[in-house]
2 protein chains.
Amino acid sequence: MQMYIYLFIQPCIQLRHASLVYVGGCEGVVVGREMNSVDSGLAGSGAPERADAADGRRKAQVTAQDLMDAAVDLLESHRSVSSLSLREIARAVGIAPNTFYRHFRDVDELAVALIDQAGRSLRGVIREARQRLSLERSAIRTSVEAFMEQLDSEDRYVHILLREMSIGSDAFREAVDRELTYFEDELRDELERIVQATGQPTLEPALVAKAITRLVFAMGAAADGKSVERRAEMTEQTIVMIKMIMEGAQSLARKGAS
Amino acid sequence: MQMYIYLFIQPCIQLRHASLVYVGGCEGVVVGREMNSVDSGLAGSGAPERADAADGRRKAQVTAQDLMDAAVDLLESHRSVSSLSLREIARAVGIAPNTFYRHFRDVDELAVALIDQAGRSLRGVIREARQRLSLERSAIRTSVEAFMEQLDSEDRYVHILLREMSIGSDAFREAVDRELTYFEDELRDELERIVQATGQPTLEPALVAKAITRLVFAMGAAADGKSVERRAEMTEQTIVMIKMIMEGAQSLARKGAS
DNA sequence: CACTCGTATATACACCTGTATAGTTCGTTT
DNA sequence: AAACGAACTATACAGGTGTATATACGAGTG
């Protein structure tokens, strides 16, 4: 009976002397720490005040976008978006864990939204780069370089796309696949424009677009994290690879026609 | 002051009445469940008894290979090898969590070993398929089909390689990259043999090999989890893509020579 | 036999996780 | 002014995680 009581009492003692930092409500301390990160979180994050001022209807203290931004910021040290914990994100943005549910049902749902945003952003970058120089000759180079430059951009959107390509069972891969398809479609249109402009027939532009897209993303994924020189080298390699594909498609089209 | 004391006492009370299950060994209950899964683990896994009987020197109860096998088995529902927990693997193989450390320092170390094994296995499959039919014409088709067939093989080695390609920060990607390089090297040798046999010069065989390898893996990753028909379609697409690359390399070589 | 030593286990600890429940704050509506 | 309801917090719980420490078993050599 003595022993029995001891067993019940002991954890209390241990908890007590270990917890001058911890006690105050089991999670009270954690809350304390989370309140600390409220400050840094709100200060470091985007612009929650703007949303506050713009939308007069409610306080609208934290937006879904804030959560996504925090997740991206948090991502640099971690591996995959879905490996972030709900609490981690909430802590970074300075809200109680449960508030997360107001904006997303899951971390996975946030991840899908993030993939969407990443794809849109990256497509914008490429499109912009492509518009800047419309000569067929260095269109490839311009696009590939624009893509590769995004690898050490401040916003880590590309990394998300690259990393999430082959992970996450269900709606995840679909989301990335959807984004890749958008890239392919834009590239196919571009290819068909080139065909019309130069008169060079090309075998199956859709397939060429797919091959190029997948290849660029694969090379990008491989180049990610490598040194600047190594990455420049891989950029050149990618450009040659793309030229091979396009030359092959045109050559096969010629052979098929003759 | 009353409040202060209250704060210190309260968690003790809460812990106490919450812990009729918890106190008296904190993990005692869990251990009970883990012992249950010992049985199912040993029965479900490969053949630990064989190792026991064959190696008379020691009990040799659990080998590193057993751990790796268990991890692979466990992987089908999970996403990435590194997302498996040490305890999960130990539970599956029927050992105490700490015993894991006898074989690997980390789950990541196991993952690297697994990637190694997966690469070796897959290269074996492709090499074997390539040897079966040595005519240049359908060498591509044979290899690609062999690769794609591995996607629903019983041993999930390919999936590991595909999934781990773009995840895990440090030694991880290196491991996968190393395996991909082996593939590239073998393919480059093959390409150079073809060049010598057919007399068709090819631009930068190493780069062609790299492009093809990356493309096949990218398409494989995209095809993984898709339906059989969808996968067959993607196999055909991949074959055409490869032919484009090779035709392009040869065409560019001709143009460069002339 | 006793001894050591490699191998595996048992227990514990401190921490983190998602989520349930209840409560607080505060703008909007009646 | 009172009630409502949205946004958010506080607390707690029941689990899971990696790892430290101590212990047990069982073969090999003295």
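Chain naming here is simple, since letters A, B, ... match the order of the sequence lines and numbering starts at 1 in each. This is a predicted model, so every value here is computed, not measured.
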Closest to the Val107(A) side chain, choosing from dT9(D), dT17(D), dG18(C): dG18(C)
Short side-chain N/O contact to dT17(C) OP1/OP2 from Arg91(A), under 4.0 Å: yes
Side chain Glu164(A), main chain Val81(A), donor-acceptor under 3.5 Å: yes
Rounded distance in Å - CD (Glu88(A)) to C1' (dC15(C)): 13 Å
Polar pair under 3.5 Å, donor/acceptor by atom type, side chain Arg102(B), base dT9(C): no
Residues in ring pair (Phe, Tyr, Trp, His ring centres under 6.0 Å) contact with Tyr157(B), at least two apart in sequence or another chain: none
Between dT17(C) (P) and Leu74(A) (CG): distance, integer Å: 10 Å
Donor-acceptor contact below 3.5 Å, side chain His159(B) vs main chain Leu151(B): yes
Atom-pair distance (CZ on Phe100(B); P on dT9(C)), nearest Å: 14 Å
For atom CG of Asp106(A) and atom P of dT17(C), their distance in whole Å: 16 Å
Residues forming a salt bridge (charged side-chain N to carboxylate O under 4.0 Å, His left out) with Arg230(A), sequence neighbours excluded: Glu233(A)
Separation of dC16(C) C1' from Leu86(B) CG (nearest whole Å): 16 Å
Arg87(B) side chain, from C-beta outward: closest of dC8(D), dA12(C), dG18(C): dA12(C)
Nearest-nucleotide pick for Thr99(B), side chain only, options being dA8(C), dT17(C), dA7(D): dA8(C)
Glu229(A) and Ser227(A) side chains, donor-acceptor separation under 3.5 Å: yes
Most 5' of Asn98(A) and Ser85(A) on DNA chain C, judged by nearest nucleotide: Ser85(A)
Between P of dT17(C) and CD1 of Ile89(A), the distance in whole Å: 10 Å
Distance, rounded to the nearest Å, where Ile95(A) contributes CD1 and dA10(D) contributes P: 12 Å
Whole angstrom value for the distance that separates P of dT19(D) from CG of Asp108(B): 11 Å
Distance below 4.0 Å between His103(A) side-chain N/O and dC8(D) OP1 or OP2: yes
